[in-house]
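Take a look at the structure below.
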2 protein chains.
Amino acid sequence: MAQSETVDRILDAAEELFSERGFSETSLRMITGEAGVNLAAVNYHFGSKKSLIQAVFARFLTPFCQHLEAGFDRLEREAAPEPPSLDGVLQALTETVVEMPRQHDRSIAIYMRLQGLAYTQSQGHLRRFLEQEYSHTFGRFMRLLKDATPELSAVDRYWRIQFMLGSTAFTLSSSDALTEILWNKLGVETNVEEIVDQLVPFLAAGMRAPPVVGGSDTRNESA
Amino acid sequence: MAQSETVDRILDAAEELFSERGFSETSLRMITGEAGVNLAAVNYHFGSKKSLIQAVFARFLTPFCQHLEAGFDRLEREAAPEPPSLDGVLQALTETVVEMPRQHDRSIAIYMRLQGLAYTQSQGHLRRFLEQEYSHTFGRFMRLLKDATPELSAVDRYWRIQFMLGSTAFTLSSSDALTEILWNKLGVETNVEEIVDQLVPFLAAGMRAPPVVGGSDTRNESA
DNA sequence: GTATGTTTCAAACAATTGTTTGGTTGGTTG
DNA sequence: CAACCAACCAAACAATTGTTTGAAACATAC
């Protein structure tokens with residue numbers, strides 16, 4: 001059996017084209033042309049363009065979440081009976097971010113950009129698919145973050161998690177372009193690993209900032 | 001003369017539809033339908049869909065940059081001869097972010113989402129337009145940030161600015177959804193003003209975090 | 001009134017989209 | 001061999017896209 005090579009060729013091409021052009025700006029003819037397969041192959045193997053989009057996400061998100069959950073397991077085992085520290089949780093995440101694309105020989109930027117597109121371009125079907133498929137891992141991540149920052153009120157924590165996600169998604173999704181700019185302007189070479197090395201202390205410092213006291217109803221009600 | 005009302009109706013509809021659906025997912029028929037004008041009106045008044053997109057950006061970005069530059073002027077005058085502080089620069093920015101949409105009676109989320117789309121969806125023409133039109137204000141913002149954080153190496157500062165932009169863009173562009181989630185989950189009501197009140201200390205703390213020392217060639221070479 | 005110029009409109013245009021069709025290939029099984 | 005089935009392919013499909021057309025409606029001037 002072993003899924004014909006055509007399937008992988010289509011997924012490879014779609015992955016790349018989607019990430020740099022978006023979903024609806026990428027036609028099936030571009031994908032099949034880039035992949036060197038017949039136009040009808042997409043509908044034959046995947047059924048529809050929507051299913052192809054979901055398949056692209058599933059191919060990298062499933063192993064990503066597995067790797068991440070394994071990291072969480074290790075983390076909780078080593079920290080027990082205490083809950084893992086904030087730095088530990090962030091390290092587990094970034095370790096996965098750095099390690100995963102290496103295996104697939106693809107820039108993390110591609111996946112981050114795809115992840116970003118999922119939230120800005122999806123007409124619903126993709127968001128529903130992701131929520132249904134990967135909410136478990138995401139929920140666990142949120143729970144770990146909560147236990148690692150007991151000093152924060154629920155509201156403060158909620159917002160700061162959003163701030164962290166924003167920094168990470170934005171930076172990593174444009175990491176190629178930003179790396180190039182850095183090289184052109186300052187003559188400094190860098191890579192994804194160094195970016196996250198910069199990112200983690202920035203995020204950790206933000207998370208540890210003194211909570212806002214002036215807020216109208218943001219009193220400490222950690223629940 | 002006074003540009004016919006049709007132009008404004010089109011811009012209003014386009015602004016809203018673009019921000020929630022993206023550019024290429026929004027057809028001219030949707031826009032003209034929502035605006036209650038004839039399909040041909042877009043090409044008559046704007047020439048093309050591309051020009052319409054640019055016009056949407058120009059309408060809110062031009063007064064935004066004016067307001068921001070005025071804030072920078074005030075800031076520099078008050079701090080002289082010292083360069084303005086980091087908090088001051090960030091406050092000037094957020095003050096504009098909070099104040100501008102109020103005048104137009106529109107959520108800041110719309111403009112932030114548009115701004116985000118400009119970087120993920122544009123096929124070039126929009127990015128070129130924005131760069132050519134508004135690089136002055138952006139450059140000044142970057143220069144102020146540099147003078148406000150002399151303790152950071154050029155590389156550290158570069159990355160941390162990206163981190164800040166990411167947090168801000170991501171959070172504010174989904175501010176409506178995030179506000180709703182916060183209400184559903186924790187029963188807390190909020191608004192844009194409170195979000196930026198949370199955001200600024202988070203960003204400032206991140207910027208002030210001790211510089212990374214382990215980096216390969218990220219030594220202090222502030223230039 | 002006529003004349004002039006701008007704005008609106010229904011209709012058609014050519015191009016591109018995702019999808020389907022019907023037939024051909026190539027290999028495996030009986 | 002024939003029978004079968006998954007895979008592939010060129011061609012056509014209907015729908016939607018941005019854009020153009022040419023005439024109608026409107027206002028303002030003389």
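Worth saying up front: this structure is predicted, and the values here are computed from it rather than measured. Values below: every heavy atom of this structure, side chains too, minus hydrogens, waters and symmetry copies.
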I'd like to check the side chain to side chain contact (heavy atoms under 4.5 Å, CB included) partners of B:D12; sequence neighbours left out, ordered by chain and number. B:R59, B:R106
List the residues meeting side chain to side chain contact (heavy atoms under 4.5 Å, CB included) with A:E95, not counting sequence neighbours, and say none if there are none.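 Once residues adjacent in sequence are excluded, the partners of A:E95 under the side chain to side chain contact (heavy atoms under 4.5 Å, CB included) criterion are A:H67, A:E99.
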Using atom [atom1] of [X] as one end and atom [atom2] of [N] as the other, report the distance to the nearest whole Å.
X: A:I53; N: C:dT17; atom1: CD1; atom2: P; value: 14 Å
X: A:L39; N: C:dT17; atom1: CG; atom2: P; value: 10 Å
X: A:L28; N: D:dC13; atom1: CG; atom2: C1'; value: 15 Å
X: A:R29; N: C:dT19; atom1: CZ; atom2: P; value: 11 Å
X: B:R21; N: D:dT17; atom1: CZ; atom2: C1'; value: 13 Å
X: A:I31; N: C:dT17; atom1: CD1; atom2: P; value: 11 Å
X: B:E25; N: C:dT16; atom1: CD; atom2: C1'; value: 16 Å
X: B:F23; N: D:dT17; atom1: CZ; atom2: P; value: 17 Å

Mate of C:dG30 where both pairing distances stay under 3.5 Å, Watson-Crick or G-U: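 Per the H-bond distance test, D:dC1.
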Please list every donor-acceptor pair under 3.5 Å in which a side-chain atom of residues 109-118 of chain B meets a protein atom from a residue at least two apart or in another chain.
| unit_1 | atom_1 | unit_2 | atom_2 | d |
| --- | --- | --- | --- | --- |
| B:R113 | NE | B:S173 | O | 2.9 |
| B:R113 | NH1 | B:S19 | O | 3.4 |

For every nucleotide of nucleotides 22-27 of chain C, 5' to 3': is a protein heavy atom under 4.0 Å from its base (B), only from its sugar-phosphate (S), or from neither (-)? ------
Pick base, sugar-phosphate or nothing for B:T26, based on heavy-atom distances below 4.0 Å to the nucleic acid.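 The answer is sugar-phosphate, as B:T26 gets under 4.0 Å only of primed atoms, P, OP1 or OP2.
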Please classify the nucleic acid contact of A:S51 as base, sugar-phosphate, or nothing, using heavy-atom distances under 4.0 Å. nothing
Report each atom pair, protein N/O against N/O of nucleotides 8-10 of chain C, whose distance is under 3.5 angstrom.
| unit_1 | atom_1 | unit_2 | atom_2 | d |
| --- | --- | --- | --- | --- |
| C:dT8 | OP1 | B:T6 | OG1 | 2.4 |
| C:dT8 | OP2 | B:H45 | NE2 | 2.8 |
| C:dC9 | OP2 | B:N38 | N | 3.4 |
| C:dA10 | OP2 | B:N38 | ND2 | 3.4 |

Please check the phosphate of C:dT16 (OP1 and OP2 only) for any side-chain N or O of A:S27 closer than 4.0 Å.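 The answer is no; no side-chain N or O of A:S27 sits under 4.0 Å from OP1 or OP2.
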Distance from A:L145 atom CG to A:I161 atom CD1, nearest 0.5 Å?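 Output value for this atom pair is 4.5 Å.
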Could you name each residue pair satisfying side chain to side chain donor-acceptor pair (under 3.5 Å) that touches residues 162-171 of chain B, not counting sequence neighbours? A:S167-B:S167
Can you list everything that forms a ring pair (Phe, Tyr, Trp, His ring centres under 6.0 Å) with A:F170? Sequence neighbours excluded, please.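 None.
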Worked verdict on A:Q132 versus A:R128 for side chain to side chain contact (heavy atoms under 4.5 Å, CB included): CA-CA 6 Å; A:Q132 174 182 330; A:R128 260 173 278 132; 5.9 Å; no
Side-chain donor-acceptor contacts of residues 178-188 of chain B below 3.5 Å, not counting sequence neighbours, with atom names and distances?
| unit_1 | atom_1 | unit_2 | atom_2 | d |
| --- | --- | --- | --- | --- |
| B:T179 | OG1 | B:S175 | O | 2.6 |
| B:N184 | ND2 | B:E180 | O | 3.4 |

Donor-acceptor contacts under 3.5 Å from residues 32-44 of chain B side chains, at least two apart:
| unit_1 | atom_1 | unit_2 | atom_2 | d |
| --- | --- | --- | --- | --- |
| B:T32 | OG1 | B:L28 | O | 2.9 |
| B:T32 | OG1 | B:R29 | O | 3.3 |
| B:N38 | OD1 | B:A40 | N | 2.9 |

